[in-house]
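Have a look at the structure below before the remarks.
Positions are given from 1, in the same order as the sequence printed here.
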Amino acid sequence: MTAEILERILLSLGRSLAPGGDPVALARRGLLALTEALGARGGWLRLRENGLTLHAAVGVEPPEEAHLTAQEALALGEGRVLVYRLPEEATGPASARWSEQGYRGLILAPLRGEGGLLGTLTLLFAEPPLGARAVASPAGDRPTPAVAKALEEVLPLFGLVLGRARAEAELARRQALLEALHRLDRAMLEGKPLFEVAQTGVEAAQGLLGARAATVSLVEGRERRLVAAAGEGVGALVGRSAPLEEGPHAQALLGGEPVLLREIPQGGGPDWLQGLAPLGNLLVLPLKPDGTTLGFLGIYGLSDPDAALPLARAFAAQLSLALLREQDQEALQQRSREQEVLLRA
């Protein structure tokens with residue numbers, strides 16, 4: 001890598017760190033300079049948020065999400081640059097597809113920051129990336145191409161870009177949570193009835209978490225009744241009741257903690273749950289504002305349930321308080337009406 005090319009890469013990455021700069025667009029510039037310098041056909045950055053989501057790409061269009069093998073996660077966490085010859089060393093369906101498209105080399109590099117592994121940098125090559133000078137392989141099984149050594153000069157800067165992107169993503173999530181909570185507060189201040197507050201809650205939860213559907217059900221004796229729903233396939237369930245002894249809601253009731261079904265089972269389990277299997281997954285959060293379970297917030301079809309859990313917990317806590325307040329209000333109003341009847345009698 002010549003000094004001139006390295007300077008271009010550093011300049012592009014430096015701009016992406018400037019105030020007001022678009023880190024995605026400017027990261028693409030850095031990627032473009034890097035692929036040109038190393039003779040790669042394409043490259044992309046992924047941001048790790050309990051998974052690997054696409055941040056920027058040039059030359060190719062990779063899938064929006066990806067997964068690492070256990071060995072890759074360990075090696076990248078230790079700072080190793082991984083080099084593969086395709087198709088002989090394809091590690092899964094994704095790398096196998098690249099080899100089917102004619103690519104013969106792939107490099108996967110870690111981008112690290114203060115919190116550990118921030119994300120990954122991937123480069124695709126038409127030929128195996130073999131350099132004239134090989135350096136010792138981190139895995140110890142074979143020499144690593146010199147191109148991998150050249151990457152070490154710029155990986156820290158790409159890591160800074162992803163660090164900023166992660167910080168901006170966290171700010172965006174917090175802003176979205178504040179907006180969702182504000183919608184709940186407005187619903188309460190406007191004096192809306194319990195079921196309208198619940199409906200506001202499910203709509204806000206669905207938007208906040210990017211879910212395919214959301215529901216709120218309230219405990220009534222030994223059953224729970226679904227009182228609000230938003231999204232795909234759940235509207236017809238509003239008003240229906242189900243025994244508390246069945247399904248993931250029973251687990252959430254007994255344990256007092258969220259229950260995640262990473263895949264809704266097809267066959268076995270309640271009929272209503274089987275009917276929602278196309279949504280993919282289900283996260284059930286108990287609503288327990290005073291230690292007693294008032295009801296449940298159900299979130300369906302999350303793209304990354306683990307990453308969504310902290311936001312879902314925070315929103316469920318506020319929704320619990322909102323529903324408890326409305327329940328208490330309705331109970332007071334009912335008692336007041338009954339007392340008025342007695343007084344008139």
Side-chain heavy atoms of Y300 within contact of L283, under 4.5 Å: no
Pairwise side-chain contact, P62 with T122, heavy-atom cut-off 4.5 Å (strictly under): no
Heavy-atom pair of closest approach, residues S217 and R224: OG-NH1, 3.3 Å
Test side chain to side chain donor-acceptor pair (under 3.5 Å) applied to E179 - qualifying residues, sequence neighbours left out: Q175
Those residues that, when tested against T200, pass side chain to side chain contact (heavy atoms under 4.5 Å, CB included) (two or more places apart): R183, A187
Closest approach of L209 to A308 (non-hydrogen atoms, all atoms of both residues): CD2-O, 3.8 Å
Results of side chain to side chain donor-acceptor pair (under 3.5 Å) for E196 - residues two or more places apart only: none
Side chain to side chain donor-acceptor pair (under 3.5 Å) partners of T215, counting only residues at least two apart: none
Heavy-atom donor-acceptor pair, N281 side chain to L261 backbone, under 3.5 Å: no
Over 12 foreign heavy atoms within 6.0 Å of CG, D290: yes
Residues forming a side chain to side chain contact (heavy atoms under 4.5 Å, CB included) with R313, sequence neighbours excluded: E257, P258, L285, L309
Residues which pass salt bridge (Lys or Arg N to Asp or Glu O under 4.0 Å) with E65, listed by chain and number, not counting sequence neighbours: none
Residues, nucleotides or ligands: over 12 heavy atoms within 6.0 Å of E263 CD: no
Heavy-atom closest contact (P265 atom, A277 atom, distance): O-CB, 4.3 Å
Partners meeting side chain to side chain contact (heavy atoms under 4.5 Å, CB included) with L253 (sequence neighbours left out): L244, T293, F296
Salt bridge (Lys or Arg N to Asp or Glu O under 4.0 Å) pairs, two or more places apart, involving residues 226-240: R212-E232
Distance-minimising heavy-atom pair for A180 and F315: CB-CE1, 3.8 Å
Any residue meeting ring pair (Phe, Tyr, Trp, His ring centres under 6.0 Å) with W44, in chain and number order, not counting sequence neighbours: W98
side-chain contact (heavy atoms from CB on, under 4.5 Å) between T35 and L123, intermediate numbers included: CA-CA 7 Å; T35 55; L123 297 173; 3.8 Å; yes
Side-chain heavy atoms of L282 within contact of I299, under 4.5 Å: no
Check: L34 and V58 side chains under 4.5 Å, non-hydrogen atoms: no
Side chain to side chain donor-acceptor pair (under 3.5 Å) against E72, all qualifying residues, sequence neighbours excluded: T69, Y84, T91
From L106 atom CG to L82 atom CG, the distance as rounded to the nearest 0.5 Å: 9.5 Å
Residue pair L76 / L117: nearest heavy atoms and the distance that separates them: O-CD1, 4.1 Å
Close side-chain approach of R28 to L32, heavy-atom, < 4.5 Å: no
Side-chain touch D185/Q318, heavy atoms, less than 4.5 angstrom: yes
Contact summary for A228 and V238, nearest pair of heavy atoms: C-CG2, 4.2 Å
Any donor-acceptor pair under 3.5 Å from E89 side chain to R85 backbone: yes
S99 backbone acceptor or donor facing R104 side chain under 3.5 Å: yes
Pair V81-L108, side-chain contact (heavy atoms from CB on, under 4.5 Å): steps then yes or no: CA-CA 6 Å; V81 175; L108 186 60; over 6 Å; no
Residues which pass side chain to side chain contact (heavy atoms under 4.5 Å, CB included) with E100, listed by chain and number, not counting sequence neighbours: R97
Partner set under salt bridge (Lys or Arg N to Asp or Glu O under 4.0 Å) for E220, not counting sequence neighbours: R225
